[in-house]
Amino acid sequence: MTLAGKRKSKKSSPPVSGRENKTLPQAGDLLAWYDRHRRALPWRAAPGQRSDPYRVWLSEIMLQQTTVKAVAPYYARFLSRWPDVRALAAAPLAEVLKTWAGLGYYARARNLHACARAVVEHHGGEFPRNEDALRGLPGIGAYTAAAVAAIAFDIRATPVDGNVERVIARLYAVETPPPAAKPEIYRLARALTPSRRAGDFAQALMDLGATLCTPKRPACALCPWRDRCAAYRRGDAETFPRRPPKREGVLRRGAAFVARRSDGSVLVRTRPAKGLLGGMTEVPTTEWAAEFDEANALVHAPRFSPPLPGGERSTSRDTIAGSRVRGKRRQNSGLPVPPHPDPLPNGERETCWRRIPGIVRHVFTHFPLELKVYAADLPLRTRAPTGMRWVASADIAHEALPSLMRKVLAHAQTSDRIDKA
DNA sequence: CAAGCGTGGGT
DNA sequence: TACCCAAGCTT
């Protein structure tokens, strides 16, 4: 195209006699592509225009692990309300948080505010013009420091985000899976970075990754570096970057207990607020451990006091019995199985658990899990043990049920239908 | 250095 | 549907 050669011709590759470098990627080719396909983004200065460091920084913080589409309206709101770093620094944190609400990763908003104040108090209201100083500010890591330095100040810095990592991994067919490959990828990207237009080069690299060199089905036919791309020449560009071997962890097993009352409600409890599936709803289970003694699974099943003839009120004995049994449970952390509870106290009902045929399998990030499922039918007035509650069948859909627990309930349900058929 | 941190969109 | 994952940083 016509615009393509506009800047390229100025300082395209040095003396090298023309064609020698044909197999080596060059910044000029990417910059030429960028000049033709440059996307207009709200925080991006017009070609040739100087960028506002405040806007660059604000956008980069918002864009951390967040899509362009999600950021756009928030960026506009922030810029409208706080047009510069001093205005933002003067704002109450609560207002910043409120305006950030919905964008996620709220530590970013706290750091954003702290950073604005640091810039005003320690840097005279101007963002420092070098990577190291930027890196020391709240919420600014290696990537953001390099991005601001390059884009706002046109310093020869090389931000490496997920896009750049993918592009470079393909360009050089880097076999090391991330994050171990990070130093190598940074070094390769750094070597490619031109001394002029470093900001454009950084954005070009990210645009390339976002639009052509995508994680799945990259559009290699349109890529300015196609003929220089090692992965393309191999014919397996989409397999880079290499996936780190999924440590599947050790298989854990356990049992889940689906207690259903005659009105259809199901017994559930809420997991601890932190940790695996924190705060989510679950049916009672045993521990999930590599060593699972199924013979004793029922020892850990929930226990019910007999329904009171007169109504719903409990006695002190009921509470004691319930909490004592509950107290035997621990986090599902693979710790040794706790000792068996004491013999049933007077008044506790022997629940008839039936084993549902089959196994529910699930894979977490850290380990695969297999749960045997037990089900029991209980009288209408049965009280929930301490720490547990009955959820009407119609309300189960509104519970914070992780997929694992949906599987467990579906498994029990399916089996019911089979039994009746 | 692995894990935690939110959310919405794409496949 | 159920993941994958997106312009990362912090502890």
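Note that the structure is a prediction, hence the values are computed from the model and not measured. Each chain gets a letter, A, B and so on, in the order its sequence line appears, and its residues count up from 1.
Using a 4.0 Å heavy-atom criterion, one finds that A:Ile61 contacts no nucleic acid atom at all. Residue A:Pro159 is out of contact with every strand shown, counting any heavy-atom pair closer than 4.0 Å. Here A:Arg217 lies out of heavy-atom contact (under 4.0 Å) with every strand. Nucleic acid contact for A:Trp100: none, since no nucleic acid atom lies under 4.0 Å from a heavy atom of the residue. Heavy atoms of A:Ala142 sit under 4.0 angstrom from primed sugar atoms or phosphate atoms, though from no base atom. Looking at heavy-atom distances under 4.0 Å, A:Ile151 makes no contact with the nucleic acid at all.
Side-chain N/O atoms of A:Gln64 include none lying less than 4.0 angstrom from OP1 or OP2 on C:dG8. Contact annotation: A:Arg166 does not reach the phosphate of C:dC4 (side-chain N/O to OP1 or OP2, under 4.0 Å).
Listed nucleotides C:dA7, B:dG6, C:dC9 differ in distance to A:Tyr106; the shortest reach to its side chain belongs to B:dG6. Among B:dT11, C:dG8, C:dT10, the nucleotide with an atom closest to any side-chain atom of A:Asn111 is C:dT10. Nearest to the side-chain atoms of A:Thr144 among the listed nucleotides C:dA7, C:dG8, B:dG9 stands C:dG8. Listed nucleotides: B:dG9, C:dA6, B:dT11. Nearest to the side chain of A:Asn163: C:dA6.
The OH-C1' distance, from A:Tyr75 to C:dA7, rounds to 14 Å in whole Å. The distance from atom CH2 of A:Trp57 to atom P of C:dC9 is 14 Å, rounded to the nearest whole Å. Rounding to whole angstrom units, CD of residue A:Gln65 and C1' of C:dT10 are separated by 13 Å. Atom-to-atom, CZ of A:Arg135 to P of C:dC9 comes out at 7 Å; the value is rounded to the nearest Å.
Where A:Arg108 and A:Pro179 meet DNA chain B, the nucleotide closest to each residue was compared, and A:Pro179 sits on the side nearer the 5' end.
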- Please lay out, stage by stage, how A:Asp207 and A:Arg44 fare under the test salt bridge (charged side-chain N to carboxylate O under 4.0 Å, His left out). CA-CA 12 Å; A:Asp207 275 15; A:Arg44 198 168 265 183; 3.0 Å; yes
